[in-house]
Number of protein chains: 2
Amino acid sequence: MASTEKASPRDRLLDAAARLSYRGGVSVGIEALCREAGVSKRSMYQLFDSKDTMLAASLERSIPWYDAQLAHPDPGNATPRERILHVFERIAQASLDADYHGCPYLAVLVELKDPEHPASRVARGVKESLGARFRRDAEQGGARDPELLARQLLLVFDGASARAGAGVERLDDGLAALTATALLDAAGMR
Amino acid sequence: MASTEKASPRDRLLDAAARLSYRGGVSVGIEALCREAGVSKRSMYQLFDSKDTMLAASLERSIPWYDAQLAHPDPGNATPRERILHVFERIAQASLDADYHGCPYLAVLVELKDPEHPASRVARGVKESLGARFRRDAEQGGARDPELLARQLLLVFDGASARAGAGVERLDDGLAALTATALLDAAGMR
DNA sequence: GAGAATGGAAACCGATCGGTGTATACCGTG
DNA sequence: CACGGTATACACCGATCGGTTTCCATTCTC
């Protein structure tokens, strides 16, 4: 039966890479990855060219899930302001998880300081797409300067997730959404 | 003559550690560190217990310099608002440097995901002290909720430096100070 | 000048790094 | 049954990891 058949080695590797690199950083060893995924090292090297490309593929694969995490449950009936604030309520909620370590894409960008690294390119794309989402909502909400507001919201988003992930800040009192609200108001967004 | 005598091995090691770990992450090898510092590995291990403690000492040592970087040149004659905004103007200015990689303390917290690591403790202390500075200025400026405002400013500070360091945002148009200004205004700070 | 303490160069330790080579077991399709 | 593709296990490669040890030259003290 299809429901019990195991995931493909490729998917198991990508999941293991996402899990372990999120918890322990991008410096996880390949052997540990393969052990976790239950896949031999030989198999992984004929599925991926290198550890770097596998890491990039792993980030790429998690994008749809990540986008869904931040998306408003009923985007059609929500106002642009609600859609934006929902993002910040979601990271506050996610930060309650015991093993929350902040935005995985920002973490990758910080850890691999090389912007040419394949995984860095993927992470940068995610950030750009979130910025585009903010900008679109800002436009629809009638913000004075949608581009500026989107960039400000990204500062707050990354600051909040990085700080919460590092354990130097708590978001459960709505700090992030509160800060975003102040910026939305200042931008004249309805 | 005192002016030409070399710095102590200890100082050379701490400087090298700060330099290399900022550029390449905390995963720099000890051999590379010692090579850069011109100190034998044996000497370093009788100056420090381990690589971890040396990294912590390195961060500790850079605190006065870092604080001075962010401090207003004339704190006595500046308003609290000016002192706060100066911090954000400074990171915008620093981000113009070709090898700017964001706040080193936040980077360490993100890279070593272990909050018990000696270097993480130092980094956390730096963040707390910056928060205290913001809170003090917020109080003096008559902010409605100084504690909240300080936390909001920290979000923007870490978000801005992390994003600029990762190369996904530019601060040279004053984005960070502009965002801080909006929050200061929203907090009713004069 | 003898002796002790210091510190540097480099070998060495076991472990792990990213990556390969080899030989073998399982698989569905002819 | 034979086949080719895919998977595995496992040894192996050179390099590097954090850390220790040995040996020797220098320096300081008496």
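Letters A, B, ... mirror the listed sequences (proteins, then strands); counts begin at 1.
Side chain of B:Ser58 to main chain of B:Leu14: a donor-acceptor pair is present (N/O by atom type, distance under 3.5 Å, no hydrogens or angles).
Side chain of B:Arg42, nearest nucleotide from D:dT21, D:dA9, D:dT20: D:dT21. Among C:dT20, D:dG19, D:dT8, the nucleotide with an atom closest to any side-chain atom of A:Lys41 is C:dT20.
Counting non-hydrogen atoms under 4.0 angstrom, A:Ser27 reaches nothing in the nucleic acid.
Taking atom CG of A:Asp52 as the reference point, atom P of C:dC17 lies 15 Å away to the nearest angstrom. Rounded to whole Å, atom P of D:dG19 lies 11 Å from atom CG of B:Leu33. Atom-to-atom, CE of B:Met54 to C1' of D:dC17 comes out at 14 Å; the value is rounded to the nearest Å. Note: CG (A:Asp49) to P (C:dG18) measures 16 Å, nearest angstrom. As a whole-Å value, the separation of A:Glu31 CD from D:dA9 P is 13 Å. Between B:Lys51 atom NZ and C:dT16 atom C1' the separation is 13 Å, expressed in whole Å. Distance, B:Gln46 CD to C:dA5 P: 14 Å, rounded to whole Å. A straight line from OH of B:Tyr45 to C1' of C:dA10 spans 16 Å, rounded to a whole angstrom.
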Start with the C-alpha distance between B:Tyr22 and B:Tyr66, add both sets of side-chain angles, then the distance that settles ring pair (Phe, Tyr, Trp, His ring centres under 6.0 Å), and finish with yes or no.
-> CA-CA 13 Å; B:Tyr22 182 60; B:Tyr66 190 73; 9.6 Å; no

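Around atom CG of B:Asp67, more than 12 heavy atoms belonging to other residues, nucleotides or ligands sit under 6.0 Å away.
Between A:Phe157 and A:Ile91, the shortest heavy-atom distance links the atoms CE1-CG2, 3.6 Å.
For B:Ser40, no side-chain nitrogen or oxygen approaches OP1 or OP2 of C:dG7 to under 4.0 Å.
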